[in-house]
Number of protein chains: 2
Amino acid sequence: MPTPSASAARDAAKLEYDAFLAACPSRQLLDRISDKWVTLVLAALGGDGPVARQPVSTAPRPLRYSELSRRLAGVSQKMLTQTLRSLERDGLVARHVVPTVPVTVSYELTELGRSLQALMRDVKDWAEAHMDEVLANRDAYDARTA
Amino acid sequence: MPTPSASAARDAAKLEYDAFLAACPSRQLLDRISDKWVTLVLAALGGDGPVARQPVSTAPRPLRYSELSRRLAGVSQKMLTQTLRSLERDGLVARHVVPTVPVTVSYELTELGRSLQALMRDVKDWAEAHMDEVLANRDAYDARTA
DNA sequence: CAGGATCCAGTAGGATACTG
DNA sequence: CAGTATCCTACTGGATCCTG
């Protein structure tokens, strides 16, 4: 199944699925991945560098559950677990359990996950890079409508 | 031109803002743009072609409110209006009112909006392109945990 | 046509407590 | 450590009615 049909299937899929249609499964998938925590989890697991800022600093490596919860400041354990389960089910992250005591669990991106992470990282970077501009626009809008 | 918040600040912004921090404004912005309807509205206004499939078909042009609601199948008028207002306030879309009777309102992407749309289009395309793979992963996961 | 205003159900998501 | 289970609230978002 996973063979050279990669690019061929990709092209066919683009014609099959259309997120503009309410009933299309891709609409649900879009809804899933359009999530703050999904973006941040992927970013954390993928290393936060724009491309390869410092190959040493935050290189993509498996992260422990506790590392993730520390990295994603403010995330509740419920949302973190829920997000991780969802990503695991969709095959975007792989979960590794080492039966030490207490157990050691780590997460890392799959190939599929990395392909999405590359896109989501850009979105996260966009948000950080254009924050000032957006803030200024909001002020202008609010002043205009006040 | 010693403006502290002009272009120099943009570069610094990448270092200033960090969506991993709960209190950072960019976290809120990330939350805003990580929205199904935002993605779809931007895609609709930007033309849905992957890059330039048919320069004639769905070229980026201003869209009427009713055109948008038809394009985004299943969107409620509340969500559409709310999304458009939010995008307008953030300076991602421009709203044009022509005082005919009844009024004619159209929306188009701003420069800033186009910069984000380019990223979000990739995300939407990703969802459509990898739908089959994700679906297969879900089946495998569900079978495994059943 | 392009919304504004309400009402209301569903659920996302936080806080807390417990467990292998 | 890495969760699961439960409770509970607040907000999301759809449906409906109304207007310039």
Side-chain angles (χ1 to χ4, degrees), chain A residues 19 21-23 27-41 44-45 61-89 93-108 141-142 144-146, chain B residues 19 21-23 27-28 30-41 44-45 61-89 93-108 141 144-146:
Chain A
L21 304 176
R27 167 82 63 102
Q28 264 90 50
L29 180 56
L30 183 60
D31 205 14
R32 286 267 173 115
I33 64 183
S34 294
D35 181 89
K36 177 181 49 175
W37 298 123
V38 167
T39 306
L40 291 175
V41 165
L45 291 177
R61 61 175 176 91
L63 290 183
R64 305 273 301 268
Y65 181 90
S66 50
E67 289 180 294
L68 277 170
S69 71
R70 233 171 295 115
R71 197 127 172 58
L72 308 190
V75 69
S76 66
Q77 116 286 50
K78 178 181 179 178
M79 288 316 295
L80 180 54
T81 299
Q82 201 171 94
T83 302
L84 286 170
R85 286 289 171 281
S86 167
L87 291 175
E88 186 194 1
R89 191 168 99 103
V93 308
R95 180 172 181 266
H96 304 289
V97 181
V98 181
T100 52
V101 44
V103 288
T104 303
V105 182
S106 61
Y107 296 88
E108 66 176 331
Y141 181 91
D142 292 345
R144 198 181 315 133
T145 60
Chain B
L21 304 176
R27 165 84 60 105
Q28 263 90 52
L30 183 61
D31 205 13
R32 286 267 174 113
I33 63 183
S34 294
D35 181 270
K36 177 181 49 177
W37 298 124
V38 167
T39 305
L40 291 175
V41 165
L45 290 177
R61 62 177 176 87
L63 291 183
R64 306 272 302 267
Y65 180 90
S66 49
E67 289 181 293
L68 277 171
S69 70
R70 234 171 296 114
R71 198 124 172 55
L72 309 190
V75 68
S76 66
Q77 124 285 45
K78 180 181 179 178
M79 287 317 294
L80 181 54
T81 299
Q82 202 171 93
T83 302
L84 286 170
R85 285 290 170 280
S86 168
L87 291 175
E88 186 194 1
R89 190 168 102 103
V93 308
R95 180 172 180 267
H96 304 289
V97 181
V98 181
T100 53
V101 44
V103 287
T104 302
V105 182
S106 61
Y107 295 89
E108 67 176 332
Y141 181 92
R144 198 181 315 135
T145 60

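So that the names make sense, note that chain A is the first sequence line, chain B the second, and so on, each numbered from 1.
- Atom NZ of B/Lys78 and atom C1' of C/dG4 are 11 Å apart (whole Å).
- Here the C1' atom of nucleotide D/dC11 and the CD atom of B/Gln28 are 15 Å apart, to the nearest Å.
- Both B/Glu67 and A/Ser76 lie near DNA chain C, and the one whose nearest nucleotide falls closer to the 5' end is B/Glu67.
- The separation between A/Tyr65 atom OH and C/dG20 atom C1' is 15 Å, rounded to whole Å.
- At least one side-chain nitrogen or oxygen of A/Tyr107 sits closer than 4.0 Å to the OP1 or OP2 atom of D/dG3.
- Judged purely by atom type and a 3.5 angstrom limit, B/Ser34 has no side-chain atom pairing as donor or acceptor with the backbone of B/Asp31.
- In this structure, CG of B/Asp31 is placed 12 Å from C1' of D/dC11, rounded to the nearest angstrom.
- Within the structure, a side-chain polar atom (N or O) of B/Ser66 is placed less than 4.0 Å from OP1 or OP2 of C/dA2.
- Base contact: A/Gln77 has a heavy atom under 4.0 Å from a base atom.
- In terms of phosphate contacts, B/Arg95 brings a side-chain nitrogen or oxygen within less than 4.0 Å of OP1 or OP2 of C/dG3.
- The A/Val103 side chain lies nearest to D/dA2 when the options are C/dG14, D/dA2, D/dT4.
- With rounding to whole Å, A/Leu72 atom CG is found 14 Å from D/dA2 atom P.
- Within the 3.5 Å criterion, the main-chain N or O of B/Gln82 finds no donor-acceptor partner in the side chain of B/Ser86.
- Considering CG of A/Leu87 and CG of A/Leu45, their distance stands at 8.0 Å, rounded to 0.5 Å.
- Between B/Met79 atom CE and C/dT6 atom P the separation is 19 Å, expressed in whole Å.
- Phosphate proximity of D/dC1 to A/Arg64: absent, as no side-chain N or O sits under 4.0 Å from OP1 or OP2.
- In this structure, A/Arg32 places its CZ atom 9 Å from P of C/dA12, rounding to the nearest Å.
- Judged purely by distance below 3.5 Å, without hydrogens or angles, the side chains of B/Thr81 and B/Tyr65 pair a donor atom with an acceptor atom.
- In this structure, A/Gln82 atom CD and D/dA5 atom C1' are separated by 13 Å, rounded to whole Å.
- The shortest distance between the side-chain N/O atoms of B/Arg85 and the OP1/OP2 oxygens of C/dG3 is below 4.0 Å.
- In this structure a side-chain-to-backbone donor-acceptor pair under 3.5 Å is missing from A/Arg71 to A/Ala44.
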